Amino acid sequence: MSNMSQYLWLIPFLPLLGSAIIAGMGKNVLRGASHWPCILGAVGSCVLSVMTFMAVQAHEIPLLDEYVWFRTGSVGDPASVQVAFSLRADGLTAVMLITVTFIGTLIAIYSSSYMKGDPAYYRFFMAVSLFLAAMTGLVLANNFILLYACWEGVGLCSYLLVGFWFFKPSAAAAARKAFLVTRLGDIGLFLGILILWSQYGTLDYQGIFQHASANDPYLGIACFLLFVGAVGKSAQFPLHVWLPDAMEGPSPVSALIHAATMVTAGVYLLARTMPLFGLCPDVQAYVAVTGAFTALLAALIALTQTDLKRVLAYSTVSQLGYMFLALGSGVQHERLATLAVVAAVFHLFTHAFFKALLFLGAGSVMHAMGDVIDMRKFSGLRRVLPTTHWTFLIGSAALAGFPLLSGFWSKDEVLLTTLRASQNGPYATLYMVCFISAMATAGLTAFYTFRAYFMTFWGPEKIPAEAYAHHGHSHAELPEKPHGHADHGHAHGGHGDSGHGDAGHGDAGHGAVRLESGEVMLWPLRILAIGALLVGIVLGPTHLFAHFLERNWVNTPDGFPVSMRTDEAPHPNLILMIGSGIFALAGIGLAYLAYVKNPKMPAEMMNSAKRMYGLSRNKFYLDEIFAAVFVRPLQAFAHLCRVIDQMVVDGVVDLVGQFPSMIGAAIRPVQNGLVQFYALLMALGVAGYLLAVLVR
Amino acid sequence: MTSRMLQELQARIGQDLTGFLPELILSGAIVLLLLLRFVPGLERRHLGWAALLAAGGMLYTSILQWQNLAESASISLFSGLLVLDTFAIYIKLFLAVFALLVVALTMMTGIPDGDDSGDFYVLLLGATLGMSVMASANHLLMIFLGIEMASIPSYAMAGFLKGRRQSGEAALKYVVYGGGAAGVMLYGISLLAGKFGTGYLPDVLSFVAANPTDPVILMGMVFLLVGIGFKLAAFPFHFWCPDVFEGAAAEVGAFLSVASKGAALAILGRIALGLADVPSLMIPVLAVFATITLTFGNLAAYAQTNLKRLLAYSTIAHAGFMMMALATLRPEGAGAVLFYLAVYLVMNLGAFAVVAFLRNQTNSEDLRDLRGLVSRAPILVACLGVFLLSLLGIPPLGGFAAKFQIFASLFESAQAYWNAGQTNYGNILFGLLLVGGLNTVLSLFYYVRVLKVMVLEKPLEEVEGRESKPLAVPGWQNAYVIVLSVVIVAMGLFWNQLSQASSSRGIGTFQPRVAQAPPAQGAGN
């Protein structure tokens, strides 16, 4: 294992190779087998990631630092900057690698069934493979330039995949929105990198971390700008608006990119640069408040959404807010900063499992329902989609923070970190407010998660007509469904109608027409469900995760200048655990009451708090506010620019374009082919030069 | 006593000959090629392989010299007539690589045929020999000899398409023009040598630096620059260039446009850096020279429809570009030129190669006949696109890296002059930077127009209702241009190695001199 360093480049390279193969041969040669290069690349990359993980576990830091890409200035000049293709895997990177490649492998397998029959099958896997390459490169990068390159790479893949069905106007618009909004953040990231470069004269993490000190005047600004980049990529307020729209992409993409991996790049960035952020308590307070506020806001919006995937999208925004809250709590001393990173990355890790599971489950539902994803149009699917149902249940429970499931443990660590940060320091009160808000959000999370779960899988069985239209084609060999007309009735039957007599009857009939997804899609669900059940309890209370990260990240040379290295384990706070458990159970119970026991309750609640409901339903009008404040003025400005461009700039360009050709035509006769004339001009030229030199 | 002197002499001659080994290999090959004509059975054989071997031998020995010579070493050969330093070796490497590639190109295009191949390669290697003498010339006499040794075979090569009237006309113009330029230069050399009593370049330059206002010396310098300007095809000594390129075969054009410019720039670089202490003399002259050449080349290229003429003007403009960097009189500028030359070799050769291949297929070099060519010869047109965009300087191609280095050296030098209080020179160089930027924009139009015609317009046959057939481009020719395009892309992406060779090792001999220059100048004032 000692020579893992030499193989590090293979981790991004294998998916990249897969992507290149699919790009070259997918359309004409591979066709329906286009998923193989992607899956094989992901599996190979996953195996190498596990090997890297084991190397790190054996207290090694694989580092590949041989190839110098370019340098500025001359050799030996102290101001010159050398940028290398430098890859490095410490504990943090190893955890990220495992997450990305493992989830990536499962999702690639799932997609091979989910995307079957799509005319652009190969294009999907090309982009997914490219994404895996860019994402693994992002976490392996050992300097800011390489990080930034991969950061843009994942953004590009996200754009390609959100707009995968670009012929749908909504998908094209969503892709554009995702790209532009995240670009806004990327500008911040880039400026931050430039400031760090100008201040410390290097772009390597280690170099910057070693030189940074709390007194640097520009450090706070640089950290804030890095945070702006993270806000864009990880969909935090106010740049969160792109993520819900990004659900226009295929569901596996939502699971891979917009839940488990890419959106966590911002969390990774902040965790990676914690040695800098830890020095800026003001920025950290801002990070924490942004995280807490985003968590609460997104949870409130999720309460009333009716699109299953959008609920999950807002929940992703909310959970990412938790991670930022944890990261922002890394203040005062290294110990707390370490705990903050551990909590955030642990939550990132568990979240990757259960959120990918939920999105894949939603994809499975969508697949079965003929691409209908509005929860008002279906219900009671628990018998129709048995495997999807129980895996979704586990995912929901984990997200809701149901005691002992994975989300419970990691959320608890986040809360604990915030609580600790609120015990002293100048921003103690602020962190207390954040903590209370996060507790409330935990309750909301449980409620909206189970609202979605109950709306989908409980209640009277109702299946939209599209489901059969869809399956009628793909399962032509199955006997014609007996209840075609009845289904129609269901589809138009409105919602909240508990008195449907033939619900149970229809059930048996639908059973014959198998709506549940195939095994290729179900196995990833099962595996992720096991993960969602167990990773928390295996890694959380045993401190395996925390110890791994602490040992292999913080105690390495690039970590903090560790002055306070105690072996104090993060004591689980029992009262806190019980408290958050109660919040979760209360949320679940309320959802049960409102959506199973007493289906009229939501409508009553809606009527009694119309205002609030409307606000939440319309996402607090943030999109509209954005449109009014940014989009429309910019559009007007763009229009103006266009007019100026056409009238003035184009005119000038045309003029400039004609000017040289006019001169060209004018000087052409000079080259008339007569040697005598040439000789004359040459003599004149010599005379001219002589005159110029002598008379001067 | 005498025997020891003899031994010493022998040893020195041995050393001189070792340093002269690349040129000796060329000379041997020239003799061999002439003699091979008399070997029965070889009279009509294509002798490209012999030329390849000679160029390869030159390359190999130059690489050995490059590896073994210390970075700041400067060995004088033949009692100071020639100098061997990394700068000269870099140029010789450049010439050897280029000769190798051009011979390979001529073997693919069939110009010359088997009958003429011996003569052609004698001329080609002879010109290369002259150029490598130019690269290491350290004496006014050797400068003249080198330029003439390079020029005379070039005249014959220009007229090598014996059946074509244009070709003969081109050769004649070239001879007349070259003769005139050589006369002027020789006059300048005799003025300088007569004034100083020596032709040893370092001495001459230091005398010039000591009397920068003496009219006779100035006249001598200007006349010397005329000869170099002729090899560079700098305005107003460029008139031969478009006519010769149009009349001569594209392969010859490729050779003249790259190799003779490289050698001429080597001489100019030696002179410019040798006069670094008197910026008042050299910077304005070179700046004006470069500006006019660059702008004229770009403007005149507009109205051209013949591809070879267009490329001829483009090479004039590129010469102006490289002269701009030399106008800095600083090693950074020379390093940028060395880098530029390496990239320019590949992209210009590539462009001429595509023209030659297309001529073989279509019998035309006129842009109007090449409309819509992309559907008929996609690989050639795609590669031509790479070469032209690289000539234009679009990232991530090599041409961008090269232009970037030129601009960077101008900017750094301008700053250095500003910092040293010589504001006007800083301003001139900054002005050159602007001129270079503007000219890059200017050149956009005509380079892209070629691509527009080839890609966007409909083929002539289609317009006339005939079927347009794909050109039967041989695989070797496609492979040749593909390899060159890949090199261009690689040069644009990974230029660290090359720029270290060019900007640190290649200008090794110039570095310390300039480092010592400011105190010396301060003491003088």
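Side chains are part of it too, since the values below use all heavy atoms of this structure and drop only hydrogens, waters and symmetry mates. Lettering of chains follows the sequences in order, A, B, ..., and the numbering in each one begins at 1. None of the values given here were measured: they were computed from a predicted structure.
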Legend entry - Interchain contact, B:Arg449 with chain A, by part (heavy-atom threshold 4.5 Å): neither

Inset, instruction - Can you measure from OH (B:Tyr177) to CE (A:Met682) and round to the nearest 0.5 angstrom? - result: 5.5 Å

Inset, instruction - Decide yes or no for A:Tyr678 and B:Val176: does some side-chain heavy atom of the first lie under 4.5 Å from some side-chain heavy atom of the second? - result: no

Inset, instruction - Using non-hydrogen atoms and a 4.5 Å limit, figure out which bit of B:Ile292 sits close to chain A: side chain, backbone, both or neither. - result: side chain

Inset, instruction - Check the surroundings of atom OH in A:Tyr200: do more than 12 heavy atoms from other residues, nucleotides or ligands lie under 6.0 Å from it? - result: yes

Legend entry - Option in B:Phe239, B:Tyr446, B:Phe223, B:Phe296 with maximal non-hydrogen atom pairs under 4.5 Å from chain A: B:Phe239

Inset, instruction - Would you mind reporting whether A:Leu681 and B:Pro236 have side-chain heavy atoms less than 4.5 Å apart? - result: no

Legend entry - B:Ala408 portion near chain A, given a 4.5 angstrom heavy-atom threshold: neither

Legend entry - More than 12 heavy atoms of other groups within 6.0 Å of A:Gln646 CD: yes

Legend entry - Heavy atoms from other residues, nucleotides or ligands near CZ of B:Arg164 exceed 12 (cutoff 6.0 Å): yes

Inset, instruction - Answer yes or no: does atom CZ of A:Phe677 have more than 12 heavy-atom neighbours from other residues, nucleotides or ligands under 6.0 Å? - result: yes

Inset, instruction - Just jot down the side chain to side chain contact (heavy atoms under 4.5 Å, CB included) partners of A:Thr182, sequence neighbours excluded, or say none. - result: A:Trp242

Inset, instruction - For residues A:Tyr689 and B:Phe289, establish whether the separation of their ring centroids is below 6.0 Å. - result: yes

